[in-house]
There are 2 protein chains.
Amino acid sequence: MMNGIVPVSAPTRLRVEQAMAELDYVPNLSARGLRNGRSGVIGLALPDLATPFSAEISQSIVEVAHEQGWSVQIEETGSDPHREQELMTRARANLIDGLILNPVVLKESAVQVGVALPPVVLLGEVTQQLADRVFVDSFAAARDMTLALARPGRRRIAALGVNRGRQSATALQRAGGYEAALQELGIAKDESLLISCDSWTPASAAEALGEYLDAHPLPEALFCFTDSMAIGALNTLWKRGVRVPEDIAVAGFDDVIDGRFAVPSLTTVSFDKRAIATEALRLLTERMSDRSHAQQLVEIEYRIVERDSSRG
Amino acid sequence: MMNGIVPVSAPTRLRVEQAMAELDYVPNLSARGLRNGRSGVIGLALPDLATPFSAEISQSIVEVAHEQGWSVQIEETGSDPHREQELMTRARANLIDGLILNPVVLKESAVQVGVALPPVVLLGEVTQQLADRVFVDSFAAARDMTLALARPGRRRIAALGVNRGRQSATALQRAGGYEAALQELGIAKDESLLISCDSWTPASAAEALGEYLDAHPLPEALFCFTDSMAIGALNTLWKRGVRVPEDIAVAGFDDVIDGRFAVPSLTTVSFDKRAIATEALRLLTERMSDRSHAQQLVEIEYRIVERDSSRG
DNA sequence: TTGAAAGCGGTACCAA
DNA sequence: TTGGTACCGCTTTCAA
């Protein structure tokens, strides 16, 4: 009755409302969830909650979800396919009506044929045929960024974040776009310009770049596969007295707030995180109301934002 | 029966387990929650989810919660007492067994005598007598930091983040500690060294500092009330060609990852976020099992970490 | 040791 | 328009 659909006379309604206020009545959501088969909660699972990127995505999703009356349960996968899998099952336990998952490897692992799936929307570059997905074209963006870095005649362009322990889908696509751009430019492939970095954090990027510079000459440009890594890289370069962008141009990916205020401010691949949230929620609610329609893919536009770290 | 407490014979147990696997059975958590009166979910409410600080706190809480079998529902209050209030009620609706809340103003607003409270643990400096609380002594930390900045003979020490629209408890304490230090040092109070900043973000800090520098001489030191603001400030200083720390020393508060990798790396007040999470969860679970015991307060140690932004 | 039954607090349906 | 009743799926208790 509280949903206001049942027809009630005005006086009755008033009496009920009064009683509710008086007793400080709060509906029991577990009971409602049990009865309705839906809890009004969605899950959001990200690989590493400590990153500013996760923070911005979480904020967008929580805000959009809230506008539509959803609550958000947050989970950290630590890039672990087992954990991703486990979350799917938890979702089917009905405390979560659906799941927005940013998978890392997931080569068919968690999302599998024959595995009973809850309504799921994937965030990111993982290719598979089963679940709806919202993504940025990382390959094209990485290609464009590499071309932009090369424009003023730079040819020795390094890539930081090439692998990630187990190769992530995102890393593969960005590396692919980077290589495609070099090929277009007629720049010979140079393995010694690929800098790997096992975790995509400022700390390991700073360390990886430091070790790299100890053993190699300074490249003309450095394309970091995330802003977080770029922030770590800028710190290492600064510590060694390498000037950015005069001695080396630096770029990131994600357009995180702290990158805009980095010193120097960071050139990056930007995209609308709010749009990601809106689309992810749209796909998820559509999937919840109809489990059987075909897989939907939504591509989010990106753009290259040139800031001080790559000017000149 | 699934909890393994009911005595069952081995063959029966086996049969059941087989059936569960075969049917891909997943227990319905709404039903369990209804029956048990607890959902296994706690809420975490922070003012601004987009900040790296929120990200690091969320991560700690989600991880510690997970270790203890809890899930975490995440909420954003936008520093709005109404929203803080509302979340309390939602918690009582039993989809959340307890709430960890980082309030901003909350001068008795959400946490009130006579208001039916769910189990709540407050994070931060808000003083009130009703709810358990985990906090860092911001007053003492701000005082120590100001003294540290003054040590090499700096006397014109500015404070950034002094107000926040509606004055926040955190801002008041940090401003208080800053002023106490100046007084100890025998430095006359100078209102023109207080830089206000309506939102505690890099963007508004950068802007506020820019406007300030247009109208005032450069201070010898700048104490920003959060690392996020300090990151914005560093960007503004860099754009104007002001050298840090040679021309001005800069410090922050929170010891956020991106501050460690700022250029120059940021002097800050550091504290153990994992410890905050552990203590908050401990207080919360204790409160859930016994609603009536006295209010508990847990203070988390801090320390001043001097990095390049204030050396010399 | 096993099986049956009641009840948590809502919602939806039906009869009055 | 209203009040009554069954049922969502799990846990607990009690009887067999």
Side-chain angles (χ1 to χ4, degrees), chain A residues 1-43 68-71 73 86-99 116-119 285 288-289 291, chain B residues 1-43 68-71 73 86-99 116-119 285 288-289 291:
Chain A
M1 115 62 181
M2 262 111 42
N3 45 25
I5 284 174
V6 181
V8 227
S9 65
T12 313
R13 148 147 281 136
L14 196 72
R15 268 202 315 150
V16 172
E17 279 168 359
Q18 245 167 8
M20 278 172 47
E22 211 161 297
L23 299 171
D24 192 20
Y25 168 83
V26 173
N28 181 315
L29 298 182
S30 290
R32 183 178 288 173
L34 172 58
R35 178 65 235 221
N36 294 344
R38 21 175 268 101
S39 61
V41 181
I42 60 165
Q68 304 180 13
W70 298 96
S71 298
Q73 216 174 78
E86 188 193 324
L87 287 171
M88 299 277 194
T89 336
R90 299 240 310 102
R92 288 173 44 225
N94 277 352
L95 236 147
I96 283 175
D97 297 333
L99 180 64
L117 278 187
T285 45
M288 290 185 305
S289 60
R291 297 285 286 267
Chain B
M1 115 63 179
M2 262 108 45
N3 45 24
I5 285 173
V6 180
V8 225
S9 66
T12 313
R13 151 148 279 136
L14 196 71
R15 268 206 313 152
V16 172
E17 278 168 359
Q18 242 166 11
M20 279 172 50
E22 210 161 299
L23 299 170
D24 194 19
Y25 168 84
V26 173
N28 181 316
L29 298 182
S30 289
R32 182 177 290 172
L34 173 59
R35 174 67 233 220
N36 293 345
R38 22 176 269 102
S39 61
V41 181
I42 60 165
Q68 303 179 14
W70 299 96
S71 299
Q73 215 173 75
E86 189 193 323
L87 287 170
M88 298 277 194
T89 336
R90 301 246 303 105
R92 287 173 46 227
N94 278 351
L95 236 145
I96 283 175
D97 298 334
L99 181 64
L117 279 187
T285 45
M288 291 184 305
S289 60
R291 296 286 285 268

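From a predicted model like this one, the values you see are computed outputs, not experimental measurements. Just so we're on the same page: letters track the sequence lines, and every chain starts at 1.
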Could you walk me through whether Ile42(B) and Leu99(B) pass the side chain to side chain contact (heavy atoms under 4.5 Å, CB included) check? CA-CA 6 Å; Ile42(B) 60 165; Leu99(B) 181 64; over 6 Å; no

What is the distance from [atom1] of [X] to [atom2] of [N], rounded to the nearest Å?
X        : N       : atom1 : atom2 : result
Leu34(A) : dT11(D) : CG    : P     : 12 Å
Arg35(A) : dT5(D)  : CZ    : P     : 16 Å
Arg13(A) : dT1(D)  : CZ    : C1'   : 13 Å
Arg38(B) : dG9(C)  : CZ    : C1'   : 18 Å
Asn28(B) : dT11(D) : CG    : C1'   : 13 Å

Between Asp97(B) and Val41(B), does the side chain to side chain contact (heavy atoms under 4.5 Å, CB included) criterion hold? Intermediate values first, please. CA-CA 6 Å; Asp97(B) 298 334; Val41(B) 181; 5.7 Å; no

List the steps, then state whether side chain to side chain contact (heavy atoms under 4.5 Å, CB included) holds for Leu87(B) with Ile96(B). CA-CA 10 Å; Leu87(B) 287 170; Ile96(B) 283 175; over 6 Å; no

Tell me whether the OP1 or OP2 atom of dG9(D) has a side-chain N or O from Arg32(B) closer than 4.0 Å.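 Looking at the OP1 and OP2 atoms of dG9(D), neither is under 4.0 Å from any side-chain N or O of Arg32(B).
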
Give the minimum heavy-atom separation between Pro118(A) and Met88(A), together with the two atoms involved.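 Distance-wise, the nearest heavy atoms are CG-O, 3.5 Å.
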
Just compare dT11(C), dG10(C), dC10(D) and give me whichever is closest to any side-chain atom of Pro27(A).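 Taking heavy atoms from C-beta onward, the closest nucleotide is dG10(C).
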
Considering only side-chain heavy atoms of Tyr25(B), which listed nucleotide, dG9(D), dG10(C), dC10(D), is closest?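 Of the options given, the side chain of Tyr25(B) lies nearest dC10(D).
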
First of Arg15(B) and Asn36(B) reached from the 5' end of DNA chain C, by closest nucleotide: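 The 5'-side residue here is Arg15(B).
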
